[in-house]
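As a basis for the values below, the full set of heavy atoms in this structure was taken, side chains included, without hydrogen atoms, waters or symmetry mates.
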There are 2 protein chains.
Amino acid sequence: MTETAPRPTLEAVAARAGVSRATVSRVVNGADGVREPLVERVRQAVEELGYVPNQAARSLVTKRHDAVAVVIAEPETRVFSDPFFAQQLRGISKELTAHDNQLVLLLTEGRDDHARVGRYLAGGHVDGALVFSLHLDDPLPELIHRAGVPTVFGGRPGWSDGLLPHGCGPGRAGATPTPVYVDSDNRGGAREAVRHLAGLGRTRIAHITGALDQTSAADRLDGYRDVMVDADPRLVAEGDFTPGGGERAMRELLDRCPDLDAVFAANDLMAAGALRVLRQHGRRVPDDVAVVGFDDMLPVAEQTDPPLTTVRQDIETMGRLMARLLLRGLDRHATQEEGVGGTPSSVVLPTTLVRRATA
Amino acid sequence: MTETAPRPTLEAVAARAGVSRATVSRVVNGADGVREPLVERVRQAVEELGYVPNQAARSLVTKRHDAVAVVIAEPETRVFSDPFFAQQLRGISKELTAHDNQLVLLLTEGRDDHARVGRYLAGGHVDGALVFSLHLDDPLPELIHRAGVPTVFGGRPGWSDGLLPHGCGPGRAGATPTPVYVDSDNRGGAREAVRHLAGLGRTRIAHITGALDQTSAADRLDGYRDVMVDADPRLVAEGDFTPGGGERAMRELLDRCPDLDAVFAANDLMAAGALRVLRQHGRRVPDDVAVVGFDDMLPVAEQTDPPLTTVRQDIETMGRLMARLLLRGLDRHATQEEGVGGTPSSVVLPTTLVRRATA
DNA sequence: GTGAAAGCGCTAACAA
DNA sequence: TTGTTAGCGCTTTCAC
């Protein structure tokens, strides 16, 4: 299994190079003010001994970890099957590695996991956290808040309209924090989708919602209602952002309102499920029923039959932005220039309609 | 973004409870030998202060981290779209959390990432590593070896037949390590698949390989050849374990050998791709062409049309086993009982043929 | 420019 | 049973 020979320490390098620990530290950390020949000697000693700094020791004094946790409140099965997360993580990962930060992925399914994640964050393994796919009444924000870890949320948290859900923990933190988040203009995007369908002359426009305990789903529903002011409530069916959920919802809708002529699904995965059901029921798309999705997840939207018209949000950019916001906040923190660049605040990104063949 | 109030230390708790740091440490770590009333006082102080141990400080002295890295040598896009990884991670995750270990996921795409991962592992953030999806000539094993981190591989590493690829690093480690790995009986499973097809009376049996720089793909090809001793070499097309690769390979095969009557694909994803191409070309499955996959990835194998006959390997169990082997090894290490339970050694799991409709 | 020394927060001998 | 003490490996003043 590989043996664990004791790793060389700063001390060892210093001895070998014939200098003090302080000098080695300076060289290793790229501080200037060390004369060239010494630098060379130290470099060589480091090389020869295969020295790598012990991060625990370093963190103990610097209180930095150069690591950021990404917390996703979904079961593995979803995280690893919904391309949404892949894209978001890709964006985050790029930004973090560009700034030499490690990404630590934490998935939380159940209650036990929450406790574990809380301990991990509070244990000071990471400098900050990126949290997404929050659900209503999720204990996570409270936990994170108590852990005192700087955080940026992906998607507007459900409790942003006031206080944290369960009151503040002992000792930690002062005022109720204003959450910093990155989100798409879900409501606006939904409006655009539904208006597009209406512009096509459709009047019986149905909506398949996402999991309504997430703000993204609720916001898209609101957008739908903005346009369909007095819509038949039976035209709305609740989904859960999964293909299976989309199928179920579509069947339900077809059952309740056989005369529907359009469907706006809250994401592409559900739209794909809906398309399958429509085909099974002999409805032609877009002739009989027009369909619009949300996300523009390329591997999904381009592969459906026919290719999916959808609302595009730049997910990778959202990820990048989350990471950037967090790192900037950490920086600001470190350099004490509170308020110079201004406290980072939330960002809402615009969406665009991508026309393909389903509407 | 949340403020960072200084966290309370052991010292603070001790002061508040009116005991020594040692006692607090004992209580916090669940050591017995502390009298009940004191335990109570300490517990309360911990609670009141919201104390959480500083892991960096703890690791510095214990040299334990209760964290394990999972290293996957694939781009995010694949990791997050191939259910194989999801299942494996699920198994690993279950086993690790059962033993109170954190899972740290490290994805490595390119050369830069390798260096970063190497630094991370050598930096002593984790007690061990679980590595999979290794490719031939991957610098990872060498890096990990130099980092001196106990490791269990998922799938037999390509260099197991002798030494490490590039010679040993400076200072670290002694003898060439025998890699510990968990794998399926890829060759045996492939043989069974092909024999099954032969048993159906098929004679022009083609094979779509996986990425041949991975031992799993090479082993499955070997199994195919074991049965198809003097097969037409044109019956073998190279794929890459992705659906797109399966489609390409299938087209190639159809082009080269229009008379083929069966296909064994090295995984389900490629089999699904092959099925699509066969349908496009008007071949009926299994009447004209019988198809067998590998993996028995339920969300794939059961959803294909018709449902896929395939070689089942229990991926989640593989993951669990990898984690268990690693943890056991770490334990052994810690308790010095070298050799008592025997050094953990590799495991090869059996496969079974699952008959559905394609063969 | 370089080194000596203090101390980050914790655990683990060892004493009491 | 509890407290005292000595580091773990590193960074960082502060002298030289």
Next item on the list: Decide side-chain contact (heavy atoms from CB on, under 4.5 Å) for B:L10 and B:S25; before the verdict, give the C-alpha distance in whole Å, the side-chain angles of both, and the deciding distance to 0.1 Å.
Entry: CA-CA 7 Å; B:L10 244 204; B:S25 176; 4.1 Å; yes

Checklist line | Given C:dG3, D:dT1, D:dG9, the nucleotide with the shortest approach to the side chain of B:K63 | finding: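 Within the option list, the nearest is D:dG9.
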
Checking [X] side chain against [Y] main chain: does a donor-acceptor pair fall under 3.5 Å?
X: A:R41; Y: A:A17; answer: yes
X: A:T62; Y: A:R58; answer: yes
X: B:N101; Y: B:A67; answer: yes
X: A:R16; Y: A:Q44; answer: no
X: A:H65; Y: A:S59; answer: no

[N] [atom2] sits how many Å from [X] [atom1], rounded?
X: A:D32; N: C:dG1; atom1: CG; atom2: C1'; value: 11 Å
X: A:R35; N: C:dG1; atom1: CZ; atom2: C1'; value: 5 Å
X: A:R7; N: D:dC10; atom1: CZ; atom2: P; value: 10 Å
X: B:N54; N: C:dG7; atom1: CG; atom2: P; value: 18 Å
X: B:E11; N: D:dT4; atom1: CD; atom2: C1'; value: 12 Å
X: B:L60; N: D:dG9; atom1: CG; atom2: C1'; value: 5 Å
X: B:E36; N: D:dT2; atom1: CD; atom2: C1'; value: 15 Å

Item checked: Side-chain N or O of A:S20 closer than 4.0 Å to phosphate OP1/OP2 of C:dT2 ->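 A:S20 to C:dT2 OP1/OP2: no side-chain N or O under 4.0 Å.
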
Note to self: Minimum heavy-atom separation for B:D66 and B:R64, please, with both atom names.
What the structure shows: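 Distance-wise, the nearest heavy atoms are OD1-NH1, 2.8 Å.
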
Next item on the list: Determine, for nucleotides 11-16 of chain D in 5'-to-3' order, which nucleotides have protein heavy atoms under 4.0 Å from the base (write B), from only the sugar-phosphate (write S), or from neither (write -).
Entry: BBB---

Next item on the list: With axes from five pairs an end, tell me the bend angle of the helix from C:dG1-D:dC16 to C:dA16-D:dT1, nearest 10°.
Entry: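 Between the axes fitted at each end of the helix from C:dG1-D:dC16 to C:dA16-D:dT1 lies an angle of 40°.
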
Check: Can you find a heavy atom in the side chain of B:L321 that is under 4.5 Å from one in the side chain of B:V152?
Finding: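 The answer is no; the side chains never approach within 4.5 Å.
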
Notebook entry, point to check: What do the steps show when you test A:R116 against A:R119 for side-chain contact (heavy atoms from CB on, under 4.5 Å), and what is the final call?
Noted result: CA-CA 5 Å; A:R116 195 171 37 76; A:R119 250 180 303 147; 3.9 Å; yes

